[in-house]
Asker: 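Handing you a structure now.
Quantities reported herein were computed from a predicted structural model and do not represent experimental measurements.
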Number of protein chains: 2
Amino acid sequence: MRYPAAETAEKHARIVEQAGRLFRERGFSGVSVGEIMKETGLTHGPFYNHFASKEALIAESLAQASRMSLAGVAGASPNAAGKAAYIASYLSPAHRDAPGAGCLMAALGCDISREPGVRPTFTTHLKTTLERMASHFPWSSKRHERRDTIRTLSAMVGAMVLARAVDDEALSEEILRETLSGLV
Amino acid sequence: MRYPAAETAEKHARIVEQAGRLFRERGFSGVSVGEIMKETGLTHGPFYNHFASKEALIAESLAQASRMSLAGVAGASPNAAGKAAYIASYLSPAHRDAPGAGCLMAALGCDISREPGVRPTFTTHLKTTLERMASHFPWSSKRHERRDTIRTLSAMVGAMVLARAVDDEALSEEILRETLSGLV
DNA sequence: TGTACATCAGTGAACGCGCGTTCACTGATGTAC
DNA sequence: TGTACATCAGTGAACGCGCGTTCACTGATGTAC
């Protein structure tokens, strides 16, 4: 049956949102089109009324997650305390335990390397993230802000990947805590 | 037909070796049992003469890759130059472009978080790696060697994940170079 | 030492299953008159 | 304003495919006598 146009656009957005969450939680190949549609409250058929393919949805959900993530940087206070709070929030058990709403790079970094179609979108995301972090937060010097941002982000992403992979709560928290104390 | 016992053991080892390489290159779900067997020069049938399931092979290949990786730490010179060379080798374009022979954590970190069965094996690997790196290499002080090892490893893993995910050679090399210069 | 037989890793067809994707059909909505 | 019809997102069965796994069968090797 035909539905109001506004409802269709809202459903499209909901599919993208659910996909972004599920992909970060379980990886691109760990989530089926049917599961995403069920999560959105629909059957799997109309998926192809909204997207050309699963790969098209992956690209769109990545772009959407990227926008959300960049808004997070922009929303932090542009001073030393804001930077420390941002990094502490990133390296928190809460972020570790909620990959579906968290950092793209930590959740899908490995998967993206293997999925040629999404690497350009991810590259743009990383470039923009580095630029925004470098200019938004205070660093030791203007000259080294990009270098320092890269070092900080590498440590943040690596710590989150390791903290999520281990099966030992104490070790996981130790990784987050020690990495955090080296960055703030 | 029946084969000499030595040949059987050698085939088992070759399956584990090929699996370790392919999993690191394409992820656990990106490689089929059939592909692994074909790469080893066999048909897919006898796989179950060697392993109870794909998951059992994953566990064994992870343990094997872990042993190889720990041997790499042990083989480095136990001084400042050896440590610098080890980190530089890790953060090299050569390592980035050869995930199949490289670091488990950087290649499969994200996948391992989602595969409950392999997390204990991975946890042991990470614990042993931290201990070996902390005791084998010189650090600023005995008191902080574990803390410094965690910070160094987080940065190494994060930089490699990001360097592999981006589609831009200059940015990829910049990430490796700037992270390396912050660690040595 | 020579012969008869049990062993078991190999082969390759087959299984059920879930995947991404397609399609004939449905029926409330929006539009033309 | 009321009626007739075209639209198109929805439904759900169906498609081919590749997956992990099973299994009846093969035949060179190792062993018992």
Side-chain angles (χ1 to χ4, degrees), chain A residues 1-62 108 111-112 114-118, chain B residues 1-62 108 111-112 114-118:
Chain A
M1 70 184 117
R2 194 166 177 184
Y3 282 70
E7 227 171 276
T8 300
E10 188 250 342
K11 271 169 195 164
H12 183 99
R14 251 165 55 211
I15 296 169
V16 172
E17 196 184 321
Q18 291 301 320
R21 178 176 67 81
L22 289 167
F23 287 146
R24 276 176 281 181
E25 279 173 9
R26 303 197 228 139
F28 299 128
S29 61
V31 189
S32 71
V33 165
E35 266 181 304
I36 294 164
M37 295 304 279
K38 188 183 275 179
E39 207 79 1
T40 315
L42 299 167
T43 52
H44 63 282
F47 176 81
Y48 294 90
N49 293 335
H50 288 283
F51 304 94
S53 64
K54 188 185 183 185
E55 195 168 353
L57 171 63
I58 289 175
E60 199 166 323
S61 74
L62 230 61
L108 291 166
D111 303 69
I112 285 162
R114 306 174 199 131
E115 202 80 29
V118 304
Chain B
M1 70 183 117
R2 194 168 178 178
Y3 282 69
E7 225 171 280
T8 298
E10 189 250 343
K11 272 170 195 166
H12 184 98
R14 251 166 53 212
I15 296 170
V16 171
E17 196 184 321
Q18 291 300 320
R21 179 176 67 81
L22 289 168
F23 286 146
R24 276 176 282 180
E25 279 172 8
R26 304 198 227 139
F28 299 129
S29 61
V31 189
S32 70
V33 166
E35 267 182 301
I36 294 164
M37 295 304 280
K38 187 183 277 180
E39 207 80 359
T40 315
L42 299 167
T43 52
H44 62 279
F47 176 81
Y48 295 90
N49 292 336
H50 289 282
F51 305 93
S53 63
K54 189 185 181 184
E55 195 167 352
L57 170 63
I58 288 176
E60 199 167 320
S61 74
L62 230 60
L108 291 167
D111 302 70
I112 286 162
R114 305 175 200 129
E115 204 81 28
V118 303

Asker: Taking DNA chain D as the partner, which of residues 29-47 of chain B come within under 4.0 angstrom of it by heavy atom?
Answerer: B:Val31, B:Ser32, B:Val33, B:His44
Asker: May I have the distance from A:Phe51 (atom CZ) to C:dT22 (atom C1'), rounded to whole angstrom?
Answerer: 18 Å
Asker: Quick one: A:Leu57 CG to C:dT21 C1', roughly how many Å, whole number?
Answerer: 14 Å
Asker: Provide, to the nearest angstrom, the distance between the CD atom belonging to B:Glu10 and the P atom belonging to C:dG10.
Answerer: 11 Å
Asker: Starting from C1' on D:dA9, measure out to CD1 on A:Ile15 and report it in whole angstrom.
Answerer: 11 Å
Asker: Which value, rounded to the nearest 0.5 Å, describes the distance between A:Glu10 atom CD and A:Glu17 atom CD?
Answerer: 9.5 Å
Asker: In whole angstrom, what separates B:His12's NE2 from C:dG10's C1'?
Answerer: 17 Å
Asker: Between C:dG10 and B:Lys11, is there an OP1 or OP2 to side-chain N/O distance shorter than 4.0 Å?
Answerer: yes
Asker: I need the full list of salt bridge (Lys or Arg N to Asp or Glu O under 4.0 Å) pairs touching residues 48-58 of chain B, with sequence neighbours left out, sorted by first then second residue.
Answerer: none
Asker: Considering residues at least two apart in sequence or located in another chain, which fulfil the ring pair (Phe, Tyr, Trp, His ring centres under 6.0 Å) criterion with A:Phe47?
Answerer: A:Phe51
Asker: Apply side chain to side chain donor-acceptor pair (under 3.5 Å) to B:Glu60 and list each qualifying residue two or more places apart in sequence or on a separate chain.
Answerer: B:His12
Asker: For DNA chain D, report each stem as range with range, ordered by first number, or say none. Use Watson-Crick or G-U wobble pairs under 3.5 Å, at least 3 in a row.
Answerer: C:2-33 with D:2-33
Asker: Taking atom CZ of B:Arg14 and atom CG of B:Leu42, what is their separation to the nearest 0.5 Å?
Answerer: 6.5 Å
Asker: Would you give the length of the straight line joining atom NE2 of A:His50 to atom CD1 of A:Ile15, rounded to the nearest 0.5 angstrom?
Answerer: 4.5 Å
Asker: Hey, could you give me the CZ/CG distance between A:Phe23 and A:Leu108, rounded to the nearest 0.5 Å?
Answerer: 9.0 Å
Asker: Can you tell me how far apart CD1 (A:Ile112) and CD1 (A:Ile58) are? Round to the nearest 0.5 Å.
Answerer: 10.0 Å
Asker: With respect to the side chain of A:Asn49, which nucleotide from C:dG20, D:dG10, C:dA9 is positioned closest?
Answerer: D:dG10
Asker: For residues 24-38 of chain A, dump all side-chain donor-acceptor pairs below 3.5 Å to protein atoms at least two apart in sequence or in another chain.
Answerer:
unit_1  : atom_1 : unit_2   : atom_2 : d
A:Arg24 : NE     : A:Gly20  : O      : 3.0
A:Arg24 : NE     : A:Gly100 : O      : 3.3
A:Arg24 : NH1    : A:Gly102 : O      : 2.8
A:Arg24 : NH2    : A:Gly100 : O      : 3.3
A:Glu25 : OE2    : A:Arg21  : NH1    : 3.3
A:Arg26 : NH1    : A:Glu35  : OE1    : 3.4
A:Arg26 : NH1    : A:Glu35  : OE2    : 2.7
A:Ser29 : OG     : B:Ser29  : OG     : 3.0
A:Ser32 : OG     : A:Glu35  : N      : 3.1
A:Glu35 : OE1    : A:Ser32  : N      : 3.2

Asker: Compare side-chain N and O positions of A:Tyr48 against OP1 and OP2 of C:dT22 and report whether any pair is under 4.0 Å apart.
Answerer: no
